[in-house]
Number of protein chains: 2
Amino acid sequence: MTTRARRTQRRTEALSRERIVKAAVELLDTAGEGGLTFRALTERLATGPGAIYWHVANKSELLDAVTDSVVAAALAVEPADSGDSPQEEIRAVALGLFEAIEEHPWLATQLATQLSRSPWQSVAPRVFESVGRQVRALGVPEGNWFTATSALVHYTLGAAGQNSANTVNAQVLGPGMDRAEFLGTVSRAWEELDPVEYPFTRAVANHMREHDDREQFLAGIDLVLTGITALRSPAE
Amino acid sequence: MTTRARRTQRRTEALSRERIVKAAVELLDTAGEGGLTFRALTERLATGPGAIYWHVANKSELLDAVTDSVVAAALAVEPADSGDSPQEEIRAVALGLFEAIEEHPWLATQLATQLSRSPWQSVAPRVFESVGRQVRALGVPEGNWFTATSALVHYTLGAAGQNSANTVNAQVLGPGMDRAEFLGTVSRAWEELDPVEYPFTRAVANHMREHDDREQFLAGIDLVLTGITALRSPAE
DNA sequence: ACCTGAACACCGTTCAAGT
DNA sequence: ACCTGAACACCGTTCAAGT
């Protein structure tokens, strides 16, 4: 983990967009999605709301900046020029996002919101670019680049979001409850569904109890990758 | 703007959970995500907030109920026992969700939120069940049911959300602007990205301008389906 | 059992005023 | 140019009181 120095603010440090974004991330990590308010920010930065509005247009823009900064950090980690295969690179990028969401659970909702609200802005191109380059490297025909990249990105965001929710919910349901216990609860709830209406969900219930998240996540990536590589030779 | 007198309610109709949910859907469809407030609901139903809280625990529960009702309606449309192949059934279910989100754009965010907040509640099993039965019918080994179904569901929700956002954004950016114009704008924005940092995204930009949404969406479904059917014979 | 409506605590945002 | 902080409009939620 990071963010060492807490300690009262240096009065001499000028307020800046970066300091605001940093404080916002800390607030979100600490107090959850509902924890980011201008009052809390104001207190943490020892200023008034007007000062924040000088650097940031409104809360929505702040959330965008926050999301962008965390995603950029997550994507910057990858080496980008090693001898890995495109498949391995894609797994790495996807795992990077997966872990970022695991570390910052609010990121899942935020990413979904931002990707659907303004797909042409900073975050979407960043993610598309990282994944898309590898899709191209796989030898997929150009006409399928968009479809293939979208499928990977959507799966990654969706699965990672679901996964982080499991962690968060485990904590919410009880401090003593860990992931395994929580998944057990979900599993039991699914098993108690109506047998006539929910035969399939009941059947997967026990499988959900014992799955390893990361393994499960990568299995999904591989599934999509299989579909993608089949695009190279559509004939049979 | 506002509060145009609402054609007064029938005083005799009792308030009920269903009437509240119905009014909430109308409000969301008409005024967007921000349009659903207890004040607006209160006015539309000609009551006080207390009356609503008698039937519904809080706003979060109301949103869950609203989402559930719309999703249930979307999934109920499918015939369920025709002679279609599993692939065709899956396409039908996915398209049903796709169209529901197209019709109710707020549904995308809402579904993402609810699926990640409480995956064991009503909506998730409903969607999983519909898709999962067909996955099973495809002959996928039981160990892969969860992975395969997740991949399909995540792709569907993500892609549909992105798509509905395009429609909404087109309207927001200008009343005279339609989808095609909007996608042109996005496309142009992508083309103006830095050529060194965003070569791939620039390359897909022109492709985005001319794509047909539904066709694009189904292509993604087929891609995932290809990956899934490959699970049947993992060898080779 | 069901509904009323004033009241509360809290939120994002603005803006005249200071330096 | 950058910051202060009181004030505004609005929100979800509560609750004593009515029927």
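All values reported here derive from a predicted model rather than from experimental measurement. Chain identifiers are assigned alphabetically (A, B, ...) following the order of the sequence lines, protein sequences preceding nucleic acid strands; residue numbering begins at 1 within each chain.
If you find the closest nucleotide of DNA chain D to A:P49 and to B:K59, the one lying nearer the 5' end belongs to A:P49.
D:dA17 and C:dC2 have their P atoms separated by 22 Å, with the value rounded to a whole Å.
A:L36 comes within 4.0 angstrom of sugar-phosphate atoms only, judged by non-hydrogen atoms across all strands, and of no base.
Smallest separation of non-hydrogen atoms from A:F38 and A:N58: CZ-C, 4.3 Å. Scanning both residues, B:I52 and B:T47, for their nearest heavy atoms gives CG1-OG1, 4.4 Å.
Using N1 to N3 plus N6-O4 or O6-N4 for Watson-Crick, or N1-O2 and O6-N3 for G-U wobble, each under 3.5 Å, D:dC8 pairs with C:dG12. Across every strand in view, C:dC2 sits in a pair with D:dG18 that passes the Watson-Crick or G-U test at under 3.5 angstrom.
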For A:E18 and A:K22, run salt bridge (Lys or Arg N to Asp or Glu O under 4.0 Å): C-alpha distance rounded to whole Å, both residues' side-chain angles, the deciding distance at 0.1 Å, then the answer.
CA-CA 6 Å; A:E18 298 92 72; A:K22 185 159 173 272; over 6 Å; no
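For residues 182-192 of chain A, every residue pair satisfying the salt bridge (Lys or Arg N to Asp or Glu O under 4.0 Å) rule, not counting sequence neighbours, is listed here: A:E191-A:R209.
Reading DNA chain D from its 5' end, the first and the last nucleotide to sit under 4.0 Å from a heavy atom of chain B are D:dC11 to D:dC15.
Using a 4.5 Å cut-off on side-chain heavy atoms (C-beta onward), A:T37 and A:L41 make no contact.
Salt-bridge annotation for A:E129 and B:R202: absent, with no side-chain N of the basic residue lying under 4.0 Å from a carboxylate O of the acidic one.
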